[in-house]
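Read through the structure below, which is laid out as structure tokens, and then see the notes.
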There are 2 protein chains.
Amino acid sequence: MRPRLADVAARAGVSMKTVSNVINDFPHVSESTRSKVTTAIEELGYRPNVSARNLARGRTGVIVLGVPRLDMPYFASLAMQLITAAEAASWWVQIRQTRGERANELRLLEEARDSRIDGMVLSVVALREADLADRPSTPLVLLGEHRFASVDHVGIDNAGAARLAVRHLLDTGRRHVVVVGGRRGADQRVVGAESALAERGETLGPAMHLAVEGVTGQHGEQAMDAFLAAGHAVDAVFCATDWLAMGVIRSLRLHGYRVPDDVAVMGFDDIPYDLAALPTLSTIAPDREQIARLAVESLLRQERPGPPEVRHAVADHRIVVRESTAATAPGGATPT
Amino acid sequence: MRPRLADVAARAGVSMKTVSNVINDFPHVSESTRSKVTTAIEELGYRPNVSARNLARGRTGVIVLGVPRLDMPYFASLAMQLITAAEAASWWVQIRQTRGERANELRLLEEARDSRIDGMVLSVVALREADLADRPSTPLVLLGEHRFASVDHVGIDNAGAARLAVRHLLDTGRRHVVVVGGRRGADQRVVGAESALAERGETLGPAMHLAVEGVTGQHGEQAMDAFLAAGHAVDAVFCATDWLAMGVIRSLRLHGYRVPDDVAVMGFDDIPYDLAALPTLSTIAPDREQIARLAVESLLRQERPGPPEVRHAVADHRIVVRESTAATAPGGATPT
DNA sequence: TTGAAAGCGCTAACAA
DNA sequence: TTGTTAGCGCTTTCAA
């Protein structure tokens, strides 16, 4: 049988309370007592029973991570980082998928309310501020582009990152930059791209902004197909995600453009497949480890009693330059 | 406060035992009693406290899924399927990564032994039969290519699937098939490829088998680079995974081969990015949902008392034909 | 078929 | 600073 707290107490010649104090790092434990207890723990190979602890504490020991799709490597590696960060707070992470649909995001929020979980980290795509009006008392932190005044949030500076990306395109001699992403004004990555153009006294013409509804490569490909069919000049494309970029490259090449010789392409996310693509994909790499850590910190802070205080944390990012934006550029190529 | 079992019992005018019987679907409960209880449950919105239940049952409510890397979409979608299947058995799934290293796989096995979990599903890469000599009493089921006599296993017919893939290449007029995968004799996908060749009276020459150590696109690319440098004829490549295939295509195209015109390429796994690649990738699609379901069933069976009985289950697969194996083939192309 | 009550292993109020 | 003990909410043995 596995040793219990009582066994440790007996062996150390102290009470259960004392052992509990040691395990939970309470202050006010004399050094000699502490060492007696830790020795007993070692000798017995004692490990606390999580179910019992959670029951006594009124915790469930589980937090939920909601992401659009786990089979998008960006979210998968985010999930792994969160699992690691949550372990330190002795939380299991339960992963759920939303497919980016508002109905599913609402459903998760509803689950948070019925409080069989200790907290929720939600990577939000379609949720609106109003949906959070009567937010659950369960600790909640949102990830992703959208940031609401009423809820903790962890993200990166999407606009700043996009600005960096587009500046890079412009710095390497590109002139006609297409931006593939979400709705203008709403999508911070599009906003950032616009501002980089503005810095050079240029504007993002309506034709140069391709608004996509979905996240897959096919969405990027179709958008680019439509753009190219219209016959506009282009020598660079900034995409809001790497997956979109893969589709965009497919479209460009099927239309006879060379990448990066004729058109440079920049993605966003830094997924492992970027290196297997032809050309390898330049991108923005968010610091996912930091994001995960900040999310767990937020949950822990909300768990502590005290006046609620909403915090919006910003994690780092960096630009990764690879083949797809090599500086061979002329201006405004046409199909070969 | 959340309603407890006792509240339900009081409201229904029965004992806790009776409510417990209803909840756990015990036989021998009169229909009238059952309906009284279910009504009370509905009215109160009662949900069992999982920690308490696990404590009483001596369960932890958690099973572990060990995969090489979660940011490989194959494993990510497998993970999601397992989460769904495990939910039915009211298990949380804790995901762990092994990076395919034997040391990490052994560490997980060790964790299974110290039994803070109810079961383990391990997608094994490097583990050996001997490592399982004193296997933990915790229910364990292995996924992946390797199958050991002493442990439950769920997989697909890798050799059969590979045979299907290579037959497809041969049926579309290809003659010089390169196989990229693990060690000959050990890797069932290589074995299956060989047998497909044997059916046509051909053999897999040593030069035509590229043994790779890793799983990434770069590994595939390097292997293909080396092969092409040697100047052998080739008009088809079968790769043990899609990721390898992406690297192989990169190499081929950088060496001036057109895919599929000069060389057809076939992958294995069916990851979402196959559709964003140029050309879109033909592949083998294992039935991951079935794999997950069978794995959970195995765990449940092992949990039940009774004589241990090892079972090896085989899930379905199908071939998915896309652009990368379009039937335009001549025989044995050379660089343009 | 249903009820009473003793745990499951840990936490934390209250005492000492 | 440490000990005693009453829960946390559910399962399950034994009786009825």
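Letters A, B, ... mirror the listed sequences (proteins, then strands); counts begin at 1. Keep in mind that the numbers below use all heavy atoms, side chains included, and drop hydrogens, waters and symmetry copies.
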Practice problem: For A:Tyr46 and C:dG9, give me the distance from atom OH to atom P, rounded to whole Å. | Solution: 10 Å

Exercise. Quick one: which residue pairs count as a ring-ring contact (aromatic ring centres under 6.0 Å, His included) with a foot in residues 75-98 of chain B, not counting sequence neighbours?
Key: none

Quiz prompt | Donor-acceptor side-chain pairing of A:Thr18 and A:Ser15 below 3.5 angstrom | solution = yes

Quiz item: Whole-Å distance between D:dC8 C1' and B:Arg4 CZ?
Solution: 10 Å

Quiz item: Residues in side chain to side chain donor-acceptor pair (under 3.5 Å) with A:Asp71, at least two apart?
Solution: A:Arg69

Quiz item: At how many degrees, to 10°, do the end axes of the helix from C:dT1-D:dA16 to C:dA16-D:dT1 meet when each uses five pairs?
Solution: 30°

Quiz item: Does B:Asn54 put a side-chain nitrogen or oxygen below 4.0 Å from OP1 or OP2 of D:dC10?
Solution: no

Practice problem: Find the distance A:Arg53:CZ to C:dT11:C1' and express it as a whole number of Å. | Solution: 9 Å

Quiz item: Between C:dT11, D:dT2, D:dC10, which nucleotide gets closest to the side-chain atoms of A:Val29?
Solution: D:dT2

Exercise. Please list, chain by chain and in numerical order, all residues satisfying salt bridge (charged side-chain N to carboxylate O under 4.0 Å, His left out) with B:Arg102, sequence neighbours excluded.
Key: B:Asp131

Self-check item: Contact residues, residues 14-21 of chain B to DNA chain C [heavy atom, < 4.0 Å]
Solution: B:Val14, B:Ser15, B:Lys17, B:Thr18

Practice problem: Name the closest nucleotide to the A:Thr33 side chain, picking from D:dT11, C:dC10, D:dT1. | Solution: D:dT1

Exercise. Could I get the full list of salt bridge (charged side-chain N to carboxylate O under 4.0 Å, His left out) partners for B:Glu129, not counting sequence neighbours?
Key: none

Quiz item: Between B:Asn49 (CG) and D:dG9 (P), how many Å, whole number?
Solution: 7 Å

Practice problem: Look at the side chain of A:Ser30 and decide which nucleotide, out of D:dT11, D:dT2, C:dT11, has an atom nearest to it. | Solution: D:dT2

Self-check item: Atom-pair distance (CG on A:Leu55; P on D:dC8), nearest Å
Solution: 9 Å

Practice problem: Keeping the roles fixed (side chain from B:His146, backbone from B:Ala126), state whether a donor-acceptor pair exists under 3.5 Å. | Solution: no

Quiz prompt | Upstream residue (5' side of DNA chain C) when A:Ala56 and B:Ser32 are each assigned their closest nucleotide | solution = B:Ser32

Quiz item: Between atom CG in B:Asn24 and atom C1' in C:dT2, what is the gap in whole Å?
Solution: 15 Å

Quiz item: Between atom CG in A:Leu5 and atom C1' in C:dA12, what is the gap in whole Å?
Solution: 13 Å

Please tabulate, for the side chains in residues 293-300 of chain B, all donor-acceptor contacts under 3.5 angstrom to protein atoms that are two or more places apart in sequence or on a different chain.
unit_1, atom_1, unit_2, atom_2, d
B:Arg293, NH1, B:Glu289, OE2, 3.2
B:Ser298, OG, B:Asp152, OD2, 2.6
B:Ser298, OG, B:Gln302, NE2, 2.9

Quiz item: Tell me: CG of B:Asp118 to P of C:dC8, nearest whole Å?
Solution: 18 Å

Exercise. Name all residues meeting the salt bridge (charged side-chain N to carboxylate O under 4.0 Å, His left out) criterion together with B:Arg4; count only those two or more places apart in sequence or in a different chain, and write none if there are none.
Key: B:Asp7

Quiz prompt | Qualifying residues under ring-ring contact (aromatic ring centres under 6.0 Å, His included), relative to A:His317, sequence neighbours excluded | solution = none

